[in-house]
J.: 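Structure incoming, see below.
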Protein chains: 2
Amino acid sequence: MNDLFEALAAPARRALLDELTQQNGQTLFELCARLTMKHGLGLSRQAISQHLDVLESVGLVTTERKGRCKFHYIDTRPLMSILERWPITNREEQTSED
Amino acid sequence: MNDLFEALAAPARRALLDELTQQNGQTLFELCARLTMKHGLGLSRQAISQHLDVLESVGLVTTERKGRCKFHYIDTRPLMSILERWPITNREEQTSED
DNA sequence: ATTATATGCAAGTCACGACTTGCATGTCAA
DNA sequence: TTGACATGCAAGTCGTGACTTGCATATAAT
């Protein structure tokens, strides 16, 4: 799976991006705890780890290893490709409501 | 299915949005022909119709009925919610590369 | 060295979405 | 009306992704 849109399709992965937006640079354990608490998601550590792998494979998350901990950082730049692909207009030329 | 991100997850639906970006206001038959020709997708009419239903349910496509024809229009405004949710920064504050 | 901590890998189950097939509905022209 | 055209509805198959379970690896502390 190396598709930006499929990566965004899973609610758990969007919650991970939300969590990293609130506080960047969290470890896997921190993300597990916070996802369970704040977002009400009851996922196993492995499930969250797999989601982070997907996010990293599409460039939405970068990681940094320090000792036995792995820190995760959000990178929103891939999202720009969405707007470049389907420009947001002011709805004048796209509908024919006359 | 009424989820913006799941709607964007299917390549066929993204191709439909591409096609409507190129030429807005196409009918189901026109979209079937053009998807097969230009995008190389061999999908049945019903499959494309179902994809259009999904796009309409999340507000990415609006429709207009005229007689026995149904015209489809793209509406990119729902995409704005993506950027509002995860703001695109200039990568200064999101990484800790010091 | 031993133990606890933090993460990684692999195989397996299972549900949901993508797609098809078949038939039905509605509109326009002869 | 009849027939052709454009679309809609419903049920069924099938593959893939989400999640789990179990074990393995690597780092830090005692």
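The chains referred to below are lettered A, B, ... by the order of the sequence lines, with proteins before strands, and numbering in each begins at 1. Since the model is a prediction, treat every value here as computed from it, not as a measurement.
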J.: I need the residues from residues 2-23 of chain A with at least one non-hydrogen atom less than 4.0 Å from DNA chain C; give them sorted by number, or say none.
T.: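 DNA chain C contact set from residues 2-23 of chain A: none.
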J.: Please confirm whether the backbone N or O of Ile74(B) pairs with a side-chain atom of Asn24(B), one donor and one acceptor, at under 3.5 Å?
T.: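 Yes; at least one donor-acceptor contact below 3.5 Å.
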J.: Using whole Å, report how far CD of Gln50(B) lies from P of dG17(C).
T.: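 Atom-to-atom, Gln50(B) to dG17(C), this comes out as 12 Å.
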J.: Restricting to side chain to side chain contact (heavy atoms under 4.5 Å, CB included), what partner residues turn up for Arg68(B), sequence neighbours left out?
T.: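 For Arg68(B) there are no side chain to side chain contact (heavy atoms under 4.5 Å, CB included) partners, ignoring immediate neighbours.
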J.: When you match His51(A) and Phe71(B) each to their closest nucleotide on DNA chain D, which lands nearer the 5' end?
T.: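 Taking each residue's closest nucleotide, the earlier one in sequence belongs to Phe71(B).
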J.: Quick one: does Thr36(A)'s side chain have a donor or acceptor within less than 3.5 Å of a partner on Gly42(A)'s backbone?
T.: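 No: the side chain of Thr36(A) does not pair with the backbone of Gly42(A).
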J.: Determine yes or no for a side-chain-to-main-chain donor-acceptor pair under 3.5 angstrom, with Ser49(B) supplying the side chain and Arg45(B) the backbone.
T.: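 Not confirmed, Ser49(B) side chain does not pair with Arg45(B) backbone.
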J.: Using the rule given for side-chain contact (heavy atoms from CB on, under 4.5 Å), can you reason through Val61(B) versus Leu17(B), listing the C-alpha separation, both sets of side-chain angles and the distance that settles it, and then say yes or no?
T.: CA-CA 8 Å; Val61(B) 159; Leu17(B) 292 179; 4.1 Å; yes
J.: Rounded to the nearest angstrom, tell me the gap between atom CD in Gln46(A) and atom C1' in dA18(D).
T.: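 Computing the Gln46(A):CD to dA18(D):C1' distance gives 13 Å.
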J.: Just by distance, with hydrogens left out, do Thr63(A) and Glu56(A) show a side-chain donor and acceptor under 3.5 Å apart?
T.: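 Glu56(A) and Thr63(A) do have a side-chain donor-acceptor pair below 3.5 Å.
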J.: Just by distance, do the side chain of Arg65(B) and the backbone of Lys70(B) share a donor-acceptor pair under 3.5 Å?
T.: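 Not at all, since once roles are kept as given, no pair shorter than 3.5 Å links the two residues.
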J.: Check whether Leu41(B) and Leu16(B) end up in the same hydrophobic cluster, where Ile, Leu, Val, Met, Phe, Trp and Tyr are linked by side-chain heavy atoms less than 4.5 Å apart.
T.: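 Both belong to a single hydrophobic cluster.
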J.: Protein-nucleotides 27-30 of chain C N/O pairs closer than 3.5 Å?
T.:
{"from": "dT27(C)", "atom 1": "O2", "to": "Arg68(B)", "atom 2": "NH1", "distance (Å)": "3.4"}

J.: Arg45(B) or Val54(A): which one's nearest nucleotide on DNA chain D is closer to the 5' end?
T.: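 Nearest-nucleotide comparison on DNA chain D picks Arg45(B).
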J.: Once side chain to side chain contact (heavy atoms under 4.5 Å, CB included) is applied, do any residues pair with Glu19(A), and if so which ones, sequence neighbours excluded?
T.: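 Residues passing side chain to side chain contact (heavy atoms under 4.5 Å, CB included) with Glu19(A): Gln22(A), Gln26(A), Leu31(A), Arg34(A), Lys38(A), His39(A).
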J.: Choose from dT7(D), dT7(C), dG8(C) the nucleotide whose nearest atom is closest to any side-chain atom of Phe29(A).
T.: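 Nucleotide nearest to Phe29(A)'s side chain: dT7(C).
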J.: Do the side chains of Asp18(B) and Arg13(B) get close enough for a salt bridge, i.e. N-O under 4.0 angstrom?
T.: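 Salt bridge absent between Asp18(B) and Arg13(B).
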J.: With sequence neighbours left out, write down each residue that passes side chain to side chain contact (heavy atoms under 4.5 Å, CB included) with Pro78(A), or none if nothing qualifies.
T.: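 If we apply the side chain to side chain contact (heavy atoms under 4.5 Å, CB included) test to Pro78(A), skipping adjacent residues, the hits are Leu4(A), Leu60(A), Asp75(A).
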J.: Below 4.0 angstrom, which residues in residues 30-43 of chain B have at least one non-hydrogen atom near DNA chain C?
T.: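 Gly42(B), Leu43(B) - these, ordered by number, are the residues of the stretch whose heavy atoms sit under 4.0 Å from the strand.
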